[in-house]
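Encoded as structure tokens, the structure appears first; notes follow it.
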There are 2 protein chains.
Amino acid sequence: MAVQKSKVTIFDVAKASGVSSSAVSYALNGKSGVSEDTRAKVLKIAHELGWKPNGAAQALAKSKTQRIGLVLGYDPKLLAVESYMMELISGLGAELEKHDYSLLVRMAVGEHAKLSIIKDWIATGNVDAMLLVNIELGDPCVTLLEEHTEMPVLAIADASVSGNLPTLSSADADAVRQAVQYLYDLGHRHIARVAGPEMLAHSYIRDSAFSDVATELGMRYRCLHTDYTPETGSEATKRLLSFPEHPTAIIYDNDVMALSGLGVATAEGITVPDDLSIMSWDDSFMCTAAYPNLTAMGRDVVGTGTKAAELLLKLIDGERVGNVMEEPYELRQRGTTGPVPAER
Amino acid sequence: MAVQKSKVTIFDVAKASGVSSSAVSYALNGKSGVSEDTRAKVLKIAHELGWKPNGAAQALAKSKTQRIGLVLGYDPKLLAVESYMMELISGLGAELEKHDYSLLVRMAVGEHAKLSIIKDWIATGNVDAMLLVNIELGDPCVTLLEEHTEMPVLAIADASVSGNLPTLSSADADAVRQAVQYLYDLGHRHIARVAGPEMLAHSYIRDSAFSDVATELGMRYRCLHTDYTPETGSEATKRLLSFPEHPTAIIYDNDVMALSGLGVATAEGITVPDDLSIMSWDDSFMCTAAYPNLTAMGRDVVGTGTKAAELLLKLIDGERVGNVMEEPYELRQRGTTGPVPAER
DNA sequence: TTGTAGGCGTTATCAT
DNA sequence: ATGATAACGCCTACAA
């Protein structure tokens, strides 16, 4: 009798157990105000009848939707090119599931779509909280949400671009430092970075860290921007390799571009890692599938999703969440990085 | 004045425009029963006040949530290894957005989690319809949903495994035929398939088509199953290549495994495509990033998502949807397939 | 054309 | 401990 055809309400349960609807409500919500006997009976009957609370009614009465909102920028290319978002959703969703929360997803297709979706959620109350990802430089969403303190928000971003919103801070800057230092230690003195879109805040953060560290260490460096696709990645690589004194190591902002860079090098007769070292950001399956395996800066994105869910639930509970640091990246040394070529 | 702090209701709008709440409701919903003058005034004031209908209240009154449910099997590995789901969500979400629908996502973590999430949605009415993907052989979800005709469902699967549910049929079987014929025409007479998990219905469909066509054409063939990861893909490839008379062409069920297969071949001194042809399923960025570019069976997954959204909305409107065919795959010939080696 | 009132299913307050 | 009863915000007959 698990599931009934016609929806059974709290009144049906009340009638069947010979008590009032409020008694049923108390019993089902584990609140005091009802004897253990009746509670047991009500629970039993509710189960037999296959009763489940109607979501809309519950949401209306409690002004709680049990939903977390996530806006995705609609660019199938960007979304498909990286496993980041899917991993984040996995971690997020799995943790939310434990607390009877769901994930409400909307695609922001046009220009100000993201902003208007957020406004919509604030006004309609269709979510209890929001997760803000892929923040852009000067993102108006941040300002809007700063004003609307009634809507709990967690930003996943570098703390420097998320205003005073509670933030799960990326470890990007540190990771860039770690990667560059690693190449330095291998003897590289001329490196390049093939970055993602310039307007993304995390591109900017990585860009800055990259030039800062390289400068600090007295390295020559170059940074080219792409749209994350292998085509633009290849192009950037070709440009970098077109000079006789080309960089001896390249760090790519994602794995697809690293893979395409590896291809370009191979096609041009440049041996990796003997003549050129290649590093990928965001270690994915692709990195271990490629030959040679790609050295990568990896991190636990699923774990980040889990953490984000925990923090969001805290925010919903009214707890304060400041600026929480994400787990650091981990350098996974594989087959595409090595000492700088001697004769250069 | 776009967005207000305290939530504004239709009563506020009614008071501000000097009419009753029902007049406001009619005006805002574009229904007759109110003069054009008052309608205009109400709309203006509602906009000024930043009124938006409360989602829960609307859902309760209309028993319509404006939400489509999607259950994802929680296996971050499987989810992350392919861009399929993210692309599907992109297309789905973008189309839903046009009709003011959102996507409600939940992760099925345990064994019967998927089933109980579906039961939950049936009972709580938290979604207006569901999309069923990644159906397994003998999937109990299909049976459950067949019984609950009150919940509109669209299955994305081969029609043979989705019972009598409305289905957006995959073109998998045809695509397998096309791929095998292509290899046959190149002269290959001994081929292999490195497939995904055996319990997935679409693996089974492809397996069957594969053996059928190969038999028809009088080809030798082999089929090994994996869990979609590059590790198991490599392993399968090694096993296939370990025999002196190994297949001259391998079709992989996803791109990561095809890439890892390419790596294994390269590492063993087998030249692709001269000594071995490699084909990938599900053309992704990885295929054009790899060197040489991977020949692949590609399809418009985003388009499938769009189509699915359209069909779901029809179902919600009470229209009948039978068995709609997905757009066919397209063979994208690139650098990893070629004529069968002469001296074998 | 307009306003009044009841219903959607729960939760929560108030008497009893 | 229990049972009416009023929110929650919107929609929609039904009267006026």
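In what follows, every chain begins at residue 1, and chains take the letters A, B, ... in the order their sequences are listed.
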Requested in this report: With sequence neighbours excluded, give me every salt bridge (Lys or Arg N to Asp or Glu O under 4.0 Å) pair touching residues 58-73 of chain A.
Outcome: none

Report task. Determine whether B:Glu310 and B:Thr306 make a side-chain contact, defined as any pair of heavy atoms from C-beta on separated by less than 4.5 Å. Result -> yes

**Report entry** Pair listing, salt bridge (Lys or Arg N to Asp or Glu O under 4.0 Å) test, anchored in residues 32-47 of chain B, at least two apart
**Finding:** B:Glu36-B:Arg39, B:Lys44-B:Glu48

Query raised in the report: Does a side-chain heavy-atom distance below 4.5 Å link B:Ile156 with B:Leu88?
Result: yes

Query raised in the report: Relative to the 5' end of DNA chain C, which residue comes earlier, B:Ala23 or B:Leu60, by the nucleotide with the nearest heavy atom?
Result: B:Ala23

**Report entry** salt bridge (Lys or Arg N to Asp or Glu O under 4.0 Å) contacts in which one or both residues fall within residues 50-59 of chain A, not counting sequence neighbours
**Finding:** A:Lys52-B:Asp120

Query - Toward the 5' end of DNA chain C, by each residue's nearest nucleotide, B:Ser63 or B:Gly18 - result: B:Gly18

Query raised in the report: Is the shortest side-chain N to carboxylate O distance from A:Glu326 to A:Lys307 below 4.0 Å?
Result: no

Query - Residues that B:Lys98 engages under salt bridge (Lys or Arg N to Asp or Glu O under 4.0 Å), provided they are two or more places apart - result: B:Glu95

Requested in this report: Could you tell me whether B:His99 atom NE2 has more than 12 heavy atoms of other residues or ligands within 6.0 Å of it?
Outcome: yes

Report summary line: Nt span of DNA chain D in reach of chain A heavy atoms at under 4.0 Å, 5' end first, is D:dA1 to D:dG9

Report summary line: Expected string for nucleotides 10-15 of chain C under the B/S/- scheme (protein heavy atoms, under 4.0 Å, primed atoms plus P, OP1, OP2 as sugar-phosphate) is BBBB--

